[in-house]
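In what follows, every heavy atom counts, from backbone to side chain, and hydrogens, waters and symmetry copies are set aside. Lettering of chains follows the sequences in order, A, B, ..., and the numbering in each one begins at 1.
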Amino acid sequence: MVRIGELAASANPGDVLVALGLGSCVGVALVDRGRRVAGLAHVMLPESPKSGPQLRCADAAVPALVERVLELGARRSQLEVALVGGAQMFAGQDTVTVGARNGVATRAALDAARLRIHAEAIGGGKGRTMRVTVGGDVEYREAGGELQHLLPATGAGAARHTVEATA
Amino acid sequence: VSTPYTELQLDTLREVANIGSGTASTALSQLLTRPVDISVPEARAVPLADAVESAGPADMAVTGVVIPVVGDIPSVVLCVFRIADSEKLCELLGVEGGSEVGRSALAEIGNILGTHYLSSMHAMTGLALEPAPPQIAEDMLGAIVATVLVEHCGEDDLTLFIDSELTVEGESCSLSFLYVPGAAGATHLLTCLGMA
């Protein structure tokens, strides 16, 4: 279980990393399927505030997660990335929501780490739960919905399998 | 930077919540024409992940009504109804649960509860606390609570939340009611109560 603002990684095939109830938060999964290493961060804020735990923020959590999976034997060139979350939970909010900002900040942090996003279910208006099986699949379920498959991306040479969330 | 609160300060906040939820329960009771009980409120300052966890199973489907609070303390009231309870409330109000009218009725219940809670807090502290229009979502409990907490006090070291539970007598129907003042707001509130 990866709670809000926390991250976890594992090299034990079959271990399941789960982020429950991702609303405005973003779940970031890094997977090296060949080496059977996976990591999951439950990002809560876009940028680190001046004080407090830093790993809850995209700009700190992404590099920390990359470091963790590399330590466990993952290869940077083989890392597959999946993003889930960043929803706007409440209709009628006119300001740019934390969810949208989390999505943008997470992309920027992955960019800075020179990692490409392979699959995502970002935005929309529903909360989601994300499951990462070490050595296996990355899946998510939207509130009131069915389990959806994200990684491995389907289709030969699918560069980017984007799942458009329903608003 | 948030301050750790003393037990006496938390007790003060519990008492404020007790009076506030008492007022709110009277209003709900009039609306439903049934007695409504309140639990002893809880006031706690914990890391955000713990606050989300203490709300209940993160995966559980619930209806959440958010009432943003503007004025002296930008803060938020969150009412959470389990699906079975939201359907029961709709039934008591004579509207169809899960329908647009049902959602609107739940938003209105949230609005009435929030307004009474805030006006009782205003009476005690003199603070201007105005409810903004309610926002409603049917979603996972964890996603709703986390999103509300992150938006309103995500940058605080600790999350202070004041939690009450209202139960409609004889109907096994209850709802929980959360007030989240934020660290700066809590300090302001305690100052007005002479407890800073």
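- Contact tally against chain A (heavy-atom pairs below 4.5 Å) for B:Asp59, B:Ile136, B:Val52: the top residue is B:Asp59.
- Looking at B:Glu53, the atoms closer than 4.5 Å to chain A (heavy atoms on both sides) all sit in the side chain, from C-beta outward.
- Annotation: maximal heavy-atom pairing with chain B below 4.5 Å, among A:Gly144, A:Gly21, A:Gly85, A:Gly23, occurs at A:Gly21.
- Looking at A:Leu22, the atoms closer than 4.5 Å to chain B (heavy atoms on both sides) all sit in the backbone: N, CA, C or O.
- We find that A:Arg128 and A:Glu139 are not joined by a salt bridge, their nearest charged nitrogen and carboxylate oxygen being 4.0 Å or further apart.
- Checked against A:Val138 for a side chain to side chain contact (heavy atoms under 4.5 Å, CB included), the options A:His149, A:Arg131, A:Gln148, A:Met130 give a single hit: A:Met130.
- With chain B as the partner, the residue from A:Gly99, A:Gly127, A:Ala87, A:Cys25 showing the most heavy-atom pairs under 4.5 Å is A:Gly127.
- The backbone N or O of A:Gln88 lies less than 3.5 Å from no partner atom in the side chain of A:Thr97, so there is not a single donor-acceptor pair.
- Neither the backbone nor the side chain of B:Leu141 comes within contact range of chain A; no heavy atom of the residue lies under 4.5 Å from a heavy atom of that chain.
- Under a 4.0 Å N-O distance rule, the pair A:Glu80/A:Arg33 qualifies as a salt bridge.
- When all heavy atoms of B:Ser164 and B:Ser39 are compared, the closest pair comes out as C-OG, 4.0 Å.
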